[in-house]
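Inspection log for the structure reproduced underneath, given as structure tokens.
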Protein chains: 2
Amino acid sequence: MNQRVYEAQAEYLKALSHPTRIRIVNYLREGERCVCEIFPYLGEEQSNVSRHLAALKRAGILSSRKEGVSVYYRVQDDNVFKILELVLSFVKKLVKEKMALLT
Amino acid sequence: MNQRVYEAQAEYLKALSHPTRIRIVNYLREGERCVCEIFPYLGEEQSNVSRHLAALKRAGILSSRKEGVSVYYRVQDDNVFKILELVLSFVKKLVKEKMALLT
DNA sequence: TGCTTTTATGATTAGATGCTCATAAAGTAT
DNA sequence: ATACTTTATGAGCATCTAATCATAAAAGCA
């Protein structure tokens, strides 16, 4: 496979690899939300959240639409949920294995 | 969901989010390989590859066994292949969409 | 028009990451 | 014991990332 493909995969994964950005994607599971809803939910600074949203959009994970002064973000492709679920199951498995080592 | 879970997911994704590390995982698809096979295949410096392997092992994605002076690495959990396939299909879709915009 | 709300972005800073070179550590062979 | 092979790691460095504060830009409201 091509080096460009690996780079594109890495970029996508990088965009997802931050707790706040994962929380954003999960929050948008039920539908679009404007920034003014997202950042209080996360309990993070508005400017910080805006940058995280921009990163997810740049990667193609989110898209946005403007309505008046508000900007609504939504998940662009449902693949991301499958990916996060697989990662979640892996992480849970790791925890179980660590627990097992303690017994 | 718990903040710790998001952090664990992020760590896992971070470990995967580098072209060289993705190439390593793909290379190990067919079975274990020692470092002395992996780094020439990648065309990267031995010390560099060793660090990437350590990162993947730390995340629980790879495991290793020592045989004489050699260290053999292998993929610890097949979930990683599913994840990379989903990411690949997403990336391919993005490219198609970009192509479509040019016509 | 002037004020307020909503979002994005410039500047700064602290810390993390990735690469390279050199070398250490461990095992094997002569 | 010495030399060689294989892997890991310390040091140094350049670059990237994330967070914060301040502020700009755009839209709506009084």
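Throughout, a chain's letter reflects where its sequence line sits, starting with A, and its residues are numbered from 1.
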Does [X] put a side-chain nitrogen or oxygen below 4.0 Å from OP1 or OP2 of [N]?
X: N48(B); N: dG18(C); answer: no
X: Y73(A); N: dT6(C); answer: no
X: H52(A); N: dA19(D); answer: yes
X: Y72(A); N: dT6(C); answer: no

Can you find a donor-acceptor N/O pair under 3.5 angstrom joining the side chain of [X] to the base of [N]?
X: Q46(B); N: dA8(D); answer: yes
X: S47(B); N: dC21(C); answer: yes
X: R51(A); N: dT20(D); answer: yes

Measure [atom1]/[X] against [atom2]/[N] and give the value in whole Å, please.
X: L42(A); N: dA18(D); atom1: CG; atom2: C1'; value: 15 Å
X: I38(B); N: dA8(D); atom1: CD1; atom2: P; value: 9 Å
X: R58(B); N: dT9(D); atom1: CZ; atom2: C1'; value: 12 Å
X: E37(A); N: dT5(C); atom1: CD; atom2: C1'; value: 15 Å
X: K57(A); N: dA8(C); atom1: NZ; atom2: C1'; value: 11 Å
X: L53(B); N: dT6(D); atom1: CG; atom2: P; value: 16 Å
X: F39(B); N: dT20(C); atom1: CZ; atom2: C1'; value: 14 Å
X: Y6(A); N: dG18(C); atom1: OH; atom2: P; value: 18 Å

*Closest to the V69(A) side chain, choosing from dT7(D), dT20(C), dT6(C)*: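 The listed nucleotide nearest to V69(A)'s side chain is dT6(C).
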*Side chain of K66(A): nearest nucleotide among dA26(D), dC21(C), dT6(C)?*
dA26(D)
*Is the side chain of Q9(A) donor-acceptor paired with the backbone N or O of V91(B) at a distance under 3.5 Å, no angle test?*
no
Mark yes when over 12 heavy atoms from residues, nucleotides or ligands other than [X] sit less than 6.0 Å from its [atom1]; otherwise mark no.
X: R74(A); atom1: CZ; answer: yes
X: E44(B); atom1: CD; answer: yes
X: R65(A); atom1: CZ; answer: yes

_Checking side-chain polar atoms at under 3.5 Å, does N48(B) have a donor or acceptor matched by the opposite partner on R51(B)?_
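No - no donor-acceptor pair under 3.5 Å links their side chains.
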*Would you check if there is a donor-acceptor pair between the side chains of R29(A) and N26(A) at a distance under 3.5 Å?*
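Side chains of N26(A) and R29(A): pair found under 3.5 Å.
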*Would you please name every residue forming a side chain to side chain contact (heavy atoms under 4.5 Å, CB included) with S64(A), sequence neighbours left out?*
K57(A), V71(A), Y73(A)
*Assign S70(B) to base, sugar-phosphate, or nothing according to its heavy-atom contacts below 4.0 angstrom with the strands shown.*
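If one applies the 4.0 Å heavy-atom cut-off, S70(B) turns out to touch the sugar-phosphate alone, with no base involved.
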_Sorted by number, the residues of residues 7-28 of chain B with heavy-atom contact under 4.0 Å to DNA chain C_ = K14(B), H18(B), R21(B)
*When the ring planes of Y27(A) and Y41(A) are compared, do they come out parallel, tilted or perpendicular, using 30° and 60° as the limits?*
parallel
